[in-house]
Amino acid sequence: MKMLRAAVLARSLARSYATAASPHALVFLEHCKGKLDSSSLSALTAASQLGGRVSGLIVGAPGDLPAVLEQAKKVTGLDTVLHSASPQYSTPLPETVTPLFVKLLSTQSPFTHVVSAHSSSAKSILPRVAAKLDLPAVSDITSVQHDSSSNSTTFTRPIYAGNAISTVRASDSIPIKFFTVRSTAFSAAALGDAEAKIESVDPVHVSNPSTEHVSTSLTKSDRPDLGVASRVVSGGRALKNAETFKATLFPLADALGAAVGASRAAVDAGYADNSLQVGQTGKVVAPELYMAIGISGAIQHLAGMKDSKLIVAINKDPDAPIFQVADVGLVADLYEAVPEMVEKLK
């Protein structure tokens, strides 16, 4: 009798293991001017670490999709690229894109995970979709690991302005696991030789949406984009005013081929545009070189840059908190040190 029970139990366990769903992630791929956003390519890398199939979803106006689809089908790790074209998708809004997601993820959906970058757009869309499906969402993750035997997924994400790391486990009771990805924690997926399958999905029209996109105002600059630049030069309150900020930092940034950033204090004081803010309430960056000039090192700012590979700080206060995270520190008057650096770099 005991042997019979053991045999029945073994068959039961084998059967449950065999029918466990293999991961199949749906990645929301954002794009601009015919090119995929690098943050979405980082989200794709995170999805690939689940160990299963990966499909991408691209939405946009009919005329915007051909160029980006040509790029998307060559991205390493993508098995299928779904696309849906509609004038309502020209600028994706949570109210207009959510019904399409709900349609894809409803009855008998093959997807086990839904992934996106932690961008201003996607972090509004994915939680809304999850709420519509009565499911939780995990935001701004820095690592992901899927356990096929238990069909659970474990994430890590920073909390308390990056001073602690939270480990979150989504169990098998959650049929579709939603998460957004901190792009600086994952390398961007590269273009390869293989071509993913392209499939069209009918759009879901939303009558009289509650919100409408009016316009987009972009800051134009010849310098690299702050979010993806390999070198960043940031300034703080010590730069006194907008004119001094530009006159001091811009020549150094140009000499290094770097993007320009700013602390919250500098932005609030009007020295720099809000799009240049680095920190918990601004952009999170992790360049090869980060230069903090005249920045004291408030926790809010450190949360946005402390993962940089090499941090250089210039401050005349030897007790400034920025020196606690800096790899190279220079206690000096920035108005003397920065012009001298520019001359030597030239």
Apart from [X] itself, which Ile, Leu, Val, Met, Phe, Trp or Tyr residues share its cluster (side-chain heavy atoms under 4.5 Å, direct or through members)?
{"X": "Phe28", "value": "Leu26, Leu57, Val59, Leu82, Tyr89, Val97, Leu100, Phe101, Val102, Leu104, Leu105, Phe111, Val114, Ile125, Leu126, Val129, Leu133, Leu135, Ile174, Ile176, Phe178, Val201, Val204"}
{"X": "Ile159", "value": "Tyr160"}
{"X": "Val206", "value": "none"}
{"X": "Val267", "value": "none"}

Could you go step by step and tell me if Ser139 and Thr180 meet the side chain to side chain donor-acceptor pair (under 3.5 Å) rule?
CA-CA 5 Å; Ser139 63; Thr180 62; 4.9 Å; no

Salt bridge (charged side-chain N to carboxylate O under 4.0 Å, His left out) partners of [range], not counting sequence neighbours, each pair once:
{"range": "residues 321-337", "result": "none"}
{"range": "residues 157-183", "result": "Asp140-Arg182"}
{"range": "residues 260-270", "result": "Arg264-Asp268"}
{"range": "residues 65-92", "result": "Glu70-Lys73, Lys73-Glu195"}

For the residue pair Phe179 and His113, categorise the inter-ring angle as parallel (less than 30°), tilted (30 to 60°) or perpendicular (more than 60°).
perpendicular

Over 60° means perpendicular and under 30° means parallel, so classify the ring planes of Tyr290 and His301, tilted if in between.
tilted

Is there a donor-acceptor contact under 3.5 Å from the side chain of [X] to the main chain of [Y]?
{"X": "Thr80", "Y": "Ser55", "result": "no"}
{"X": "Thr98", "Y": "Glu95", "result": "no"}
{"X": "Thr96", "Y": "Pro92", "result": "no"}
{"X": "Gln300", "Y": "Gln280", "result": "yes"}

Residue pair [X] / [Y]: nearest heavy atoms and the distance that separates them:
{"X": "Pro224", "Y": "Ala259", "value": "O-CB, 3.3 Å"}
{"X": "Pro321", "Y": "Gly297", "value": "CB-O, 3.5 Å"}
{"X": "Ser42", "Y": "Ser183", "value": "OG-O, 3.4 Å"}
{"X": "Ser234", "Y": "Ala262", "value": "OG-N, 3.7 Å"}
{"X": "Ala47", "Y": "Val27", "value": "CB-CG2, 3.6 Å"}
{"X": "Ala130", "Y": "Pro136", "value": "CB-O, 4.1 Å"}

Output the distance between atom [atom1] ([X]) and atom [atom2] ([Y]), rounded to the nearest 0.5 Å.
{"X": "Thr142", "Y": "Asp307", "atom1": "OG1", "atom2": "CG", "result": "8.5 Å"}
{"X": "Lys246", "Y": "Tyr271", "atom1": "NZ", "atom2": "OH", "result": "14.0 Å"}
{"X": "Leu50", "Y": "Thr153", "atom1": "CG", "atom2": "OG1", "result": "6.0 Å"}
{"X": "Lys283", "Y": "Asp225", "atom1": "NZ", "atom2": "CG", "result": "5.0 Å"}
{"X": "Asp64", "Y": "Thr91", "atom1": "CG", "atom2": "OG1", "result": "8.5 Å"}
{"X": "Lys123", "Y": "His118", "atom1": "NZ", "atom2": "NE2", "result": "4.0 Å"}

Find out whether [X] and [Y] are in side-chain contact, i.e. whether some heavy atom of one side chain is under 4.5 Å from a heavy atom of the other.
{"X": "Leu191", "Y": "Val75", "answer": "yes"}
{"X": "Met291", "Y": "Arg231", "answer": "no"}
{"X": "Pro203", "Y": "Gln88", "answer": "no"}
{"X": "Met341", "Y": "Ile314", "answer": "yes"}
{"X": "His83", "Y": "Ser200", "answer": "yes"}
{"X": "Val115", "Y": "Val54", "answer": "no"}
{"X": "Ile322", "Y": "Leu302", "answer": "yes"}
{"X": "Leu226", "Y": "Val260", "answer": "no"}

So if you build clusters from Ile, Leu, Val, Met, Phe, Trp, Tyr with side-chain heavy-atom gaps below 4.5 Å, do [X] and [Y] land together?
{"X": "Ile295", "Y": "Val232", "answer": "yes"}
{"X": "Leu78", "Y": "Phe186", "answer": "yes"}
{"X": "Leu345", "Y": "Tyr335", "answer": "yes"}
{"X": "Leu289", "Y": "Ile311", "answer": "no"}
{"X": "Leu276", "Y": "Leu239", "answer": "yes"}

Is the [atom1] atom of [X] crowded by more than 12 outside heavy atoms at less than 6.0 Å?
{"X": "Lys316", "atom1": "NZ", "answer": "no"}
{"X": "Lys132", "atom1": "NZ", "answer": "no"}
{"X": "Gln145", "atom1": "CD", "answer": "no"}
{"X": "Arg237", "atom1": "CZ", "answer": "no"}
{"X": "Ile299", "atom1": "CD1", "answer": "no"}

By side chain to side chain contact (heavy atoms under 4.5 Å, CB included), which residues pair with [X], not counting sequence neighbours?
{"X": "Asp37", "result": "Glu30, Cys32, Ser39, Ser40"}
{"X": "Ala247", "result": "none"}
{"X": "Ser187", "result": "Thr45"}

Test side chain to side chain donor-acceptor pair (under 3.5 Å) applied to Ser119 and Ser121, step by step
CA-CA 5 Å; Ser119 64; Ser121 175; 5.2 Å; no

Pair His24, Thr112 - check side chain to side chain donor-acceptor pair (under 3.5 Å), show working.
CA-CA 5 Å; His24 187 175; Thr112 60; over 6 Å; no

Tell me, with the steps shown, if His31 and Leu65 meet side chain to side chain contact (heavy atoms under 4.5 Å, CB included).
CA-CA 9 Å; His31 58 95; Leu65 293 187; 4.1 Å; yes

Those residues that, when tested against Phe323, pass ring-ring contact (aromatic ring centres under 6.0 Å, His included) (two or more places apart):
none

